There are 2 protein chains.
Amino acid sequence: MDDVRWLSAEEQEIWRAYLSATVAFSAHIDRQMRQDSGMPMAYYEILVRLSEAPHRRLRMSELADVSLSSRSRLSHAVAALERNGWVERRPADGDRRGWVCALTEDGYAALAAAAPGHVTTVREHIFDVLTPEQLQSLRDIGEAISAGLRTECAAARAEDEAGADACDS
Amino acid sequence: MDDVRWLSAEEQEIWRAYLSATVAFSAHIDRQMRQDSGMPMAYYEILVRLSEAPHRRLRMSELADVSLSSRSRLSHAVAALERNGWVERRPADGDRRGWVCALTEDGYAALAAAAPGHVTTVREHIFDVLTPEQLQSLRDIGEAISAGLRTECAAARAEDEAGADACDS
DNA sequence: TAACGGTGGTTGAACTCTCAACACCAGCGG
DNA sequence: CCGCTGGTGTTGAGAGTTCAACCACCGTTA
């Protein structure tokens with residue numbers, strides 16, 4: 001385990017460029033969302049995914065998967081959103097363990113109010129500063145990284161029969 | 001302000017690819033750092049920047065800038081790192097307002113212990129899954145996004161004489 | 001020297017996230 | 001019918017972040 005493949009000087013520059021941009025931009029977009037709409041980006045993502053689901057409702061576990069959050073985080077987040085009157089929790093029919101989370105009219109209105117500012121921020125800082133070629137490359141890069149994370153989870157699950165494989169988001 | 005330039009279907013796919021990858025990867029690398037070294041990525045970044053500074057020490061404000069964190073966050077973080085014995089705070093000479101933060105030997109040892117696992121994770125999920133062309137593109141993309149964020153700050157400062165321009169990281 | 005706006009840094013409260021239990025139920029095998 | 005394993009979702013405590021004051025000090029100006 002001592003033969004670490006350290007980063008070359010050029011690799012370090014690439015890694016720093018990636019890290020700086022993603023950290024700074026995610027901070028920027030999160031701050032924009034909090035200031036203009038009073039919720040963090042993670043909550044906005046939950047509302048978006050709900051709004052795109054059939055009947056604007058989703059099982060908690062599915063909602064956790066698509067909104068890129070852990071189950072525990074989703075539980076806390078939905079509790080907060082419910083206090084705002086933006087979502088409702090109802091028992092799932094057919095499985096007395098499960099719950100479905102449904103977007104309310106107020107929640108949809110809050111989402112509609114938040115969307116313009118969010119989209120404008122994304123356009124200004126991503127689509128307006130990158131060339132079409134860079135955007136295509138960005139898609140490929142994102143998919144490659146996501147695929148790499150998924151295959152690591154699969155590999156960990158396969159070779160690790162002792163459970164607890166730490167691969168939830 | 002009603003003419004929002006919404007995202008096309010293809011733009012939405014690109015944005016989703018970017019968002020999924022960055023959120024999932026940052027969660028992954030943060031979890032790796034917490035499990036293996038007991039500190040979040042933000043703290044590791046602080047130690048790294050300190051270790052690269054002359055005499056392994058830096059003014060608080062400079063440290064905040066290079067480690068991509070707000071002043072408040074850095075204050076709390078350095079307080080925690082100081083409790084671990086990994087950094088020390090000393091008054092800055094020449095300016096009785098300021099403080100310099102210095103990496104201790106224990107802090108350097110903690111950084112050296114954390115680095116291999118961190119670098120391995122970065123290599124496996126970035127450099128091993130992307131082509132040389134994609135890596136070059138990733139650097140350009142990161143620099144373009146960072147530049148866009150900086151120019152927005154400059155523009156906001158220029159046209160906004162009422163102060164409070166919200167451009168700290 | 002006294003006032004004053006600007007900078008450096010801290011603090012505390014509220015909020016969000018993570019982690020490790022925990023409760024509950026489904027499905028299956030004895 | 002009971003136990004057992006696994007999946008669903010929640011809870012509470014602790015850690016980390018944000019935001020809005022706040023204090024102390026600098027440099028400038030009157």
Side-chain angles (χ1 to χ4, degrees), chain A residues 23 26-36 38-46 58-65 67-84 87 89-101 157 161-169, chain B residues 23 26-35 37-46 58-65 67-84 89-101 157 161-166 168-169:
Chain A
V23 168
S26 84
H28 181 77
I29 202 168
D30 197 61
R31 173 200 300 276
Q32 182 275 327
M33 183 58 66
R34 290 177 123 103
Q35 282 191 342
D36 294 356
M39 62 180 142
M41 262 300 292
Y43 289 16
Y44 179 80
E45 180 72 10
I46 290 169
L58 229 36
R59 276 289 287 265
M60 291 293 286
S61 52
E62 299 176 48
L63 184 53
D65 289 344
S67 68
L68 304 169
S69 57
S70 69
R71 276 131 197 263
S72 172
R73 167 151 79 162
L74 183 67
S75 246
H76 289 293
V78 166
L81 292 172
E82 203 170 24
R83 281 193 294 274
N84 286 22
V87 302
R89 261 181 296 199
R90 303 177 167 284
D93 38 317
D95 188 339
R96 273 186 297 176
R97 294 170 300 180
W99 295 80
V100 295
C101 183
R157 245 191 313 275
E161 64 281 72
D165 51 8
C167 274
D168 47 320
S169 150
Chain B
V23 169
S26 85
H28 182 78
I29 203 168
D30 198 61
R31 174 200 300 277
Q32 182 274 326
M33 184 57 68
R34 290 176 124 101
Q35 284 192 340
S37 307
M39 64 180 139
M41 261 301 292
Y43 289 17
Y44 180 80
E45 181 72 11
I46 290 170
L58 229 35
R59 277 289 287 263
M60 290 295 285
S61 52
E62 299 177 48
L63 184 53
D65 290 343
S67 67
L68 304 169
S69 57
S70 70
R71 275 131 198 264
S72 172
R73 167 150 80 161
L74 184 66
S75 247
H76 289 293
V78 165
L81 291 171
E82 203 169 23
R83 281 194 293 275
N84 286 20
R89 261 183 293 202
R90 304 175 165 286
D93 37 317
D95 188 340
R96 274 185 299 174
R97 293 170 300 179
W99 295 80
V100 294
C101 183
R157 246 193 311 277
E161 63 280 72
D165 50 6
D168 47 321
S169 150

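Treat the numbers as computed from the prediction; the structure is a model and nothing was measured. The chains referred to below are lettered A, B, ... by the order of the sequence lines, with proteins before strands, and numbering in each begins at 1.
Neither OP1 nor OP2 of C/dT18 sits under 4.0 Å from any side-chain N or O of B/Arg34. In this model, the phosphate group of C/dA26 is approached by a side-chain N or O of A/Arg96 to a distance below 4.0 Å at OP1 or OP2. For the pair A/Ser61 and D/dG9, the criterion of a side-chain N or O lying under 4.0 Å from OP1 or OP2 is met. In this model, the phosphate group of C/dG8 is approached by a side-chain N or O of B/Arg71 to a distance below 4.0 Å at OP1 or OP2. Side-chain nitrogen and oxygen atoms of B/Arg73 include at least one within less than 4.0 Å of the OP1 or OP2 phosphate oxygen of D/dT17. Between A/Tyr43 and C/dT16, a side-chain N or O to OP1/OP2 separation shorter than 4.0 Å is present.
Counting only heavy atoms from C-beta on, A/Arg97 has its side chain closest to D/dG7 among D/dG7, D/dT18, C/dG9. Side-chain proximity of A/Arg89 to D/dT17, D/dC25, D/dT10: nearest is D/dT10.
Donor-acceptor pairing under 3.5 Å is lacking for the side chains of A/Ser72 and A/Ser70.
Between the side chain of B/His76 and the base of C/dG9, no donor-acceptor pair under 3.5 Å is found. Between the side chain of B/Ser72 and the base of C/dT11, at least one donor-acceptor pair of N or O atoms lies under 3.5 Å.
Straight-line distance from the CG atom of B/Leu74 to the P atom of C/dT11: 13 Å, rounded to whole Å.
Using a distance-only test at 3.5 Å, with no hydrogens or angles considered, no donor-acceptor pair links the side chain of A/Asp30 to the main chain of A/Pro40.
Across all strands shown, B/Ala79 has no heavy atoms under 4.0 Å from either base or sugar-phosphate atoms.
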